Number of protein chains: 2
Amino acid sequence: MTDAPLVTILDDEPAIRAMLSDALEEAGFRTMGFSRATEFEAALKSTTPDVCLVDLSLPDRDGLSLVHRLALEQGASVIIISGRAQVQDRVTGLELGADDYIIKPFDPAEVVARIRARLRKPGPSLQTSDTARFNGWTAHFDRYVLTDNTGLETPFSHAEGEVLRMFLERPKRLVSRTMMQESLGGAAGQSFDRAMDVRISRLRTKLREDPRNPRLIKTIYGAGYIFLGDVTWS
Amino acid sequence: MTDAPLVTILDDEPAIRAMLSDALEEAGFRTMGFSRATEFEAALKSTTPDVCLVDLSLPDRDGLSLVHRLALEQGASVIIISGRAQVQDRVTGLELGADDYIIKPFDPAEVVARIRARLRKPGPSLQTSDTARFNGWTAHFDRYVLTDNTGLETPFSHAEGEVLRMFLERPKRLVSRTMMQESLGGAAGQSFDRAMDVRISRLRTKLREDPRNPRLIKTIYGAGYIFLGDVTWS
DNA sequence: CCAGAATCTAACGAATTGTAACACTCGATG
DNA sequence: CATCGAGTGTTACAATTCGTTAGATTCTGG
């Protein structure tokens with residue numbers, strides 16, 4: 001999806017840039033991060049972002065004047081992200097041309113929602129590439145269907161899909177039990193361990209694994225599982 | 001000053017209405033205040049506000065569904081003013097079409113600044129067209145008709161259209177059950193949950209979905225629905 | 001080979017979702 | 001005013017999903 005909206009992030013703290021770009025890319029946006037205003041301005045000559053996130057406390061320049069220039073010259077939406085929480089700060093920020101003003105600390109989900117509100121487009125889809133091929137099978141995560149090499153379709157549920165995706169994203173590597181639990185969002189505990197097993201068992205059935213000799217999902221006793229398969233995402 | 005921007009205020013607390021209209025008129029806007037959603041809707045027939053301030057906790061109606069309708073049908077900017085401060089509330093509010101979300105207690109100066117920010121960018125908040133194409137189907141929302149790829153027409157009702165539109169505006173993204181309820185204006189509760197299901201069931205029938213293996217409207221157990229279809233509005 | 005731990009999986013059941021059938025509302029119509 | 005029919009929420013029950021339980025099975029160290 002090359003026409004996903006482009007969001008630039010201008011903030012001097014790498015941790016915040018990372019958090020934002022993670023959340024935004026997860027939500028389907030393209031992102032570019034900058035730590036300094038000068039770099040950002042240089043990049044503006046060759047690209048036109050759809051939304052600009054700007055932190056006001058920049059080392060090399062006053063953020064507000066930058067916002068002002070941005071709003072005036074580029075047509076882009078400008079969203080200020082700032083630790084300055086006073087009403088007066090917000091008012092002047094908005095008066096200078098910002099379209100929105102978000103206060104640190106913020107929740108990435110709200111940032112995504114506010115960006116979408118600016119773009120007011122249905123928003124890009126969560127899934128970018130959502131089919132994977134492996135050993136004769138094709139997993140269509142968008143349709144929740146597994147396809148045989150003969151073309152026979154087997155539907156799988158959401159929970160099964162979570163497990164399958166987890167494996168396909170880590171082929172031929174050990175997936176520890178605890179890692180699974182975390183990724184599947186289950187509260188750790190005796191009973192959830194069994195739930196995991198059951199999910200895997202059901203997935204194995206759909207993949208027509210031989211219980212005595214599984215070829216795709218191997219159990220490593222005492223450690224976890226390992227998915228053996230030549231995975232190609234497309 | 002007849003062409004000063006018109007701001008409507010919908011809030012059941014007279015004190016807040018007074019404070020807002022004072023500040024807004026001071027800032028040069030025209031204002032109209034309403035205490036109930038029904039009055040407000042009646043007034044909409046004769047006037048078109050530039051910005052609508054809406055309190056979510058209304059006595060006679062769920063505010064969110066009103067926001068949804070407003071953003072959709074009128075082209076006006078909608079700013080939610082609410083006491084509900086959870087991130088999740090803000091996210092759903094914005095997802096449902098609000099352009100901004102202000103938390104009580106607020107400073108009137110900030111409200112003014114945010115209104116100005118909205119007016120500056122005549123946001124493309126309005127869905128200009130009323131026809132969408134997806135996977136061989138064409139939905140004519142103006143005529144309440146679904147057209148087959150063979151040209152066969154199937155009428156759909158208003159309630160079905162609400163659900164369909166909600167999906168077509170968020171293709172390939174999870175639509176949570178609560179978001180639906182709020183957009184469709186049902187008071188949350190055991191029984192309305194069923195009403196949702198029934199609407200979707202009826203819509204599925206019209207889309208000739210295979211109950212065992214729906215291709216367009218997928219159910220995500222415990223989470224909501226996801227519409228898989230390549231949507232083009234025109 | 002044995003004991004104990006880890007894993008597998010059939011079966012059950014609670015929660016969620018699907019849908020047919022019914023009931024109510026509201027306009028249109030005779 | 002009675003009737004009809006479309007639209008839609010409600011109810012009741014069926015179907016599905018998925019975690020839990022419990023007993024069987026497999027693995028490992030000794």
Side-chain angles (χ1 to χ4, degrees), chain A residues 144-146 154-164 166 174-178 180-181 184-227, chain B residues 61-62 65 143-146 154-167 174-181 183-227:
Chain A
Y144 290 86
V145 157
L146 265 170
T154 310
F156 58 84
S157 75
H158 183 67
E160 285 155 2
E162 279 188 318
V163 177
L164 180 57
M166 150 143 259
L174 178 74
V175 179
S176 78
R177 253 180 136 75
T178 54
M180 280 200 159
Q181 284 187 173
L184 304 190
Q190 156 72 12
S191 70
F192 190 73
D193 247 25
R194 313 286 89 238
M196 283 281 343
D197 295 346
V198 175
R199 283 197 191 188
I200 289 173
S201 169
R202 284 172 180 152
L203 185 57
R204 277 179 169 149
T205 306
K206 300 215 168 164
L207 288 171
R208 305 194 205 118
E209 292 270 77
D210 174 11
R212 298 311 193 83
N213 184 24
R215 302 183 170 278
L216 290 170
I217 304 176
K218 280 265 193 196
T219 303
I220 311 295
Y221 187 93
Y225 299 90
I226 189 166
F227 184 85
Chain B
R61 186 136 154 23
D62 176 38
S65 70
R143 294 193 295 132
Y144 287 85
V145 157
L146 265 170
T154 310
F156 59 84
S157 72
H158 180 69
E160 285 154 4
E162 279 189 317
V163 177
L164 180 57
R165 165 167 252 140
M166 163 137 240
F167 281 133
L174 179 74
V175 179
S176 78
R177 246 179 141 75
T178 55
M179 186 184 296
M180 277 201 160
Q181 281 187 176
S183 121
L184 304 188
Q190 159 71 10
S191 72
F192 191 74
D193 248 26
R194 314 292 67 243
M196 283 276 346
D197 295 345
V198 174
R199 285 195 188 189
I200 288 174
S201 170
R202 285 171 180 153
L203 184 57
R204 276 180 170 149
T205 305
K206 301 216 167 163
L207 289 171
R208 304 193 205 119
E209 292 270 75
D210 172 11
R212 296 310 194 86
N213 186 24
R215 297 179 174 279
L216 289 171
I217 304 176
K218 283 276 186 186
T219 304
I220 311 295
Y221 185 94
Y225 299 90
I226 188 167
F227 184 85

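What you see is a predicted model, and the numbers here were worked out from it, not measured in a lab.
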**Prompt:** Ile220(B) CD1 to dT16(D) C1': how many Å, rounded?
**Reply:** 14 Å
**Request:** Would you mind checking if Asp197(B) and Arg177(B) are paired as a salt bridge, meaning a charged N to carboxylate O distance below 4.0 Å?
**Result:** yes
**Asked** If you look at every heavy atom in Pro211(A) and Pro214(A), which pair is closest and at what distance?
**Response** O-CD, 3.7 Å
**Prompt:** Would you find more than 12 non-hydrogen atoms of other residues, nucleotides or ligands less than 6.0 Å from Arg215(A) atom CZ?
**Reply:** no
**Complete:** Looking only at dC27(D), dC18(D), dG9(D), the nucleotide nearest the Arg199(B) side chain is dG9(D)
**Prompt:** Do the side chain of Arg204(B) and the main chain of Ile217(B) share a donor and acceptor less than 3.5 angstrom apart?
**Reply:** yes
**Request:** Provide, to the nearest angstrom, the distance between the OH atom belonging to Tyr144(B) and the P atom belonging to dG7(D).
**Result:** 11 Å
**Fill in**
Expected list for residues 208-218 of chain A near DNA chain C, using heavy atoms below 4.0 Å, is Pro211(A)
**Message:** I need the CE-P distance between Met196(B) and dG9(D), as an integer number of Å.
**Reply:** 10 Å
**Request:** Starting from P on dG7(D), measure out to CD on Glu160(B) and report it in whole angstrom.
**Result:** 8 Å
**Prompt:** For Glu162(B) and dT8(D), what is the distance between atoms CD and P respectively, to the nearest whole Å?
**Reply:** 8 Å
**Item:** Boundaries of the DNA chain C segment in contact with chain B, non-hydrogen, under 4.0 Å
**Value:** dA15(C) to dA21(C)
**Request:** Measure the acute angle between the ring planes of Phe227(B) and Phe167(B), then classify it against the limits of 30° and 60° as parallel, tilted or perpendicular.
**Result:** parallel
**Request:** Please report the closest heavy-atom contact between Ile220(B) and Tyr144(A), naming both atoms and the distance.
**Result:** CD1-OH, 2.9 Å
**Prompt:** How close do Leu216(A) and Glu209(A) get, heavy atom to heavy atom, and via which atoms?
**Reply:** N-OE2, 2.9 Å
**Fill in**
Of dT10(D), dT17(D), dG7(D), the nucleotide closest to the side chain of Ser157(B) is dG7(D)
**Request:** Send over the distance from Arg202(B) CZ to dT10(D) C1', rounded to a whole Å.
**Result:** 10 Å
**Message:** Between Asp197(B) and Thr219(A), which residue's closest nucleotide on DNA chain C lies nearer the 5′ terminus?
**Reply:** Thr219(A)
**Request:** Remember a base hit wins even if backbone is also touched, and classify Phe156(A) as base, sugar-phosphate or nothing at under 4.0 Å, heavy atoms.
**Result:** nothing
**Request:** Could you pick out which residue, Val198(A) or Tyr221(B), lies toward the 5' side of DNA chain D when each is mapped onto its nearest nucleotide?
**Result:** Tyr221(B)
**Request:** May I ask you to decide if Arg202(A)'s main-chain N or O and Glu160(A)'s side chain share a donor-acceptor pair within less than 3.5 Å?
**Result:** no
**Request:** Please state how far atom CE in Met180(B) lies from atom P in dG9(D), giving the value in whole angstrom units.
**Result:** 13 Å
**Request:** Could you go through the side chain to side chain contact (heavy atoms under 4.5 Å, CB included) check for Leu164(A) and Lys206(A) one step at a time?
**Result:** CA-CA 11 Å; Leu164(A) 180 57; Lys206(A) 300 215 168 164; over 6 Å; no
**Request:** Give the rounded distance in Å between these two atoms: CG of Leu203(B) and P of dT8(D).
**Result:** 12 Å
